[in-house]
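Worksheet for the structure shown next.
Just so we're on the same page: letters track the sequence lines, and every chain starts at 1.
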Amino acid sequence: MSAATGRGGVTLQGAVKRHGELTVLHGVDLQIRPGEFFVLLGPSGSGKTTTLRVLAGLESISAGRVLMDGEDVTERDPGDRDVAMVFQSYALYPHMTVAQNIGFPLKMLGRPASEVAQAVTAAAQRVSIDHLLARRPGQLSGGQQQRVALARAIVRQPRLFLLDEPLSNLDARLRLETRVELKKLQRTLGVTTVYVTHDQEEAMTLADRIAVFMEGRIVQVGTPAEVFGRPTHAAVAGFIGTPPMNLLDGTWHRDAVAVDGGGRVAVGVHSDAPRAVRLGIRPGDLRLVAADGVPAEVELVEELGDSRIAVLHAGAQRLKLKSAEALPLAEGQAVHLAAEPRHTHLFDRASGERLN
Amino acid sequence: MIAGRGPGALARRLALAAVAGLLLSVWAFPVLWALLTSFKSERDVLAYPPVWWFEPTLEHYREVLFGASSILPNLWSSVVVASVTTVGTMLLALPAAYAVARLRYPGRRASGFYVLATQMLPPVGLVIPYYLALQKAGALDTYGGMVLIYLTFSLPFAIWLMVSYFEDVPPEMEEAALLDHAGRLGAFWHVVLPQVRGGIAVTTVFVFLNAWNEFLFAVVLGGNKVRTVTVAMFNFISVEQTLWAKLAAGAMVAMAPVILIGLLAQRHIVKGLTVGAVKGGGRR
């Protein structure tokens with residue numbers, strides 16, 4: 001199987017999807033490059049799965065266009081788009097053997113049996129299930145079923161892979177292993193891949209680029225480093241990271257933010273007039289200081305082995321501090337928190353847009 | 001089920017077996033009685049108190065199979081009517097039920113209820129309109145007319161039964177087939193239909209049984225050309241006398257094909273009736 005290079009560019013232009021009164025997608029624009037591992041990330045109900053289904057042709061759109069390799073495929077049936085999909089439930093055909101499952105798309109394309117058999121064996125070997133070809137899906141473990149679904153997708157070398165939370169039904173350990181394999185597989189095949197997940201860790205590790213979905217809109221598109229390091233919206237900041245970014249309501253005036261409930265944090269950028277903002281600081285960027293900063297009280301400390309997380313509250317606002325070092329903190333202890341100005345993120349309180 | 005342990009479990013199983021035996025005997029009694037009767041002479045049949053020890057005779061079987069009042073032609077009529085009804089019903093009901101289960105169209109709920117409502121109508125209320133309609137169409141006492149009328153009640157029943165089986169097939173499975181180049185019809189044929197095999201078996205058997213055992217419409221709308229076995233048996237009851245033993249022998253003969261079909265389909269029926277209770281591996 002050769003790498004399908006140069007194929008599989010996808011463009012989504014102003015995609016709108018309505019279910020009666022309800023609008024699920026409010027004009028989604030996307031540009032996915034050939035060979036890219038592109039992740040659609042967002043909480044449930046944010047429109048990421050709908051977008052994937054629009055690409056597959058399983059959902060029509062109320063407005064907008066879908067382009068693949070420059071062709072308009074908006075009105076094309078799923079079978080005529082040359083895309084393969086792995087479903088969250090795998091959607092294997094229970095009455096067929098593994099070999100028949102994998103070979104089904106080729107059989108439907110009318111390929112000769114000998115060619116199908118060859119392609120099935122090759123695809124099965126790629127995902128290490130060639131010893132299971134005679135079994136039926138019901139006799140396989142979840143991880144094996146998942147591989148069958150993958151093999152069925154790669155067997156016909158489509159221009160686009162669509163993966164809908166393919167790892168969510170696996171147990172934690174298997175999920176990590178499969179994640180690595182999936183990434184390697186995509187690298188060797190070179191097929192453009194669109195991957196839906198609500199797990200940001202999965203998104204960060206797998207993606208070349210991520211599109212973050214919120215309430216039927218894309219709020220940010222970027223590399224994992226960009227999305228993590230410079231979220232363009234408070235909603236993205238509050239979603240990405242384990243734990244996600246602390247967001248403190250406060251007032252930005254001159255070079256600092258006065259946090260509601262007490263304390264000040266220098267932000268390194270200037271505002272002439274006082275402005276209602278949300279101040280974002282990653283838990284790992286928070287430091288304990290002897291005095292000044294933001295006064296807070298320790299609620300509890302979570303031990304994670306290689307790191308520990310202190311849950312604190314400053315006035316009515318809760319925040320988390322993550323540290324690689326030991327935290328000699330007791331519950332109820334009063335502390336002071338600070339952060340480097342370059343580690344602070346400023347968002348407009350009303351719109352959530354990034355300000356610095 | 002966990003294997004019984006201790007005296008409590010044993011008593012429970014004995015009690016269950018007793019109840020099951022009692023219920024079974026209630027259902028089995030008429031059949032066994034008819035079987036017994038079919039081997040008695042007409043005189044022994046009417047003996048009171050009933051005779052348990054008698055000389056069995058095959059005379060009635062000979063008579064209903066090969067004699068002057070042979071029911072073989074009627075059996076053939078029944079086979080034709082029931083088979084054509086069953087095949088026609090399934091050919092129409094499968095796509096119809098699939099549509100009701102899958103497609104979102106206005107009035108879907110209402111149409112589902114309408115299908116069920118036709119089952120609530122007492123058939124006797126329809127006999128006279130159907131008779132007049134068939135008479136006007138010149139279709140009284142024809143296979144075509146009979147099958148047409150049978151379709152009117154078997155079709156809604158079959159659709160209603162099949163819808164739930166189709167609804168149990170995960171939509172993603174079909175979507176996967178669509179993406180695998182199968183097309184709508186291909187997805188239906190290669191992926192959906194095999195999932196509802198059990199349901200098809202159950203529905204086929206029920207539709208066939210209903211048509212086979214139907215009496216009311218058969219006796220009114222049939223005649224000399226199309227006389228099903230139920231009507232033929234009815235003819236053993238006349239004003240002067242009722243030939244109980246021949247009736248019983250006829251019933252036994254008429255039951256045979258049905259029992260055969262039941263045995264053949266049993267595996268599928270049990271599977272079909274429990275579909276949805278436990279989903280196959282890999283599904284949500």
Of all heavy-atom pairs between A:Tyr93 and B:Ala176, which one has the smallest distance, and what is that distance? OH-C, 3.3 Å
A side-chain contact here means heavy atoms from C-beta on lying under 4.5 Å apart; do A:Pro94 and B:Met173 qualify? yes
Would you call A:Arg156 and B:Asp180 a salt bridge, using N to O less than 4.0 angstrom? yes
Say you draw a straight line from OH of A:Tyr90 to CD of B:Glu172; how long is it, rounded to the nearest 0.5 Å? 12.5 Å
Rounded to the nearest 0.5 Å, what separates atom NE2 in B:His181 from atom CG in A:Asp77? 12.0 Å
B:Trp160 atom CH2: more than 12 heavy-atom contacts under 6.0 Å: no
Whether over 12 other heavy atoms sit under 6.0 Å from B:Leu185 CG: no
Evaluate whether atom CD of A:Gln118 has more than 12 neighbouring non-hydrogen atoms of other residues, nucleotides or ligands under 6.0 angstrom away. no
I need the minimum non-hydrogen distance between A:Ala56 and B:Leu179, along with the two atoms involved. O-CD2, 3.6 Å
Regarding B:Arg197 and A:His95, do their side chains bring together a donor and an acceptor under 3.5 Å, going by distance alone? no
Rounding to 0.5 Å, atoms CE (A:Met96) and NE2 (B:His190) come to a distance of 7.5 Å
Chi angles and distances behind the side chain to side chain contact (heavy atoms under 4.5 Å, CB included) call for A:Arg53, B:Glu175: CA-CA 10 Å; A:Arg53 292 172 57 84; B:Glu175 292 175 348; 2.8 Å; yes
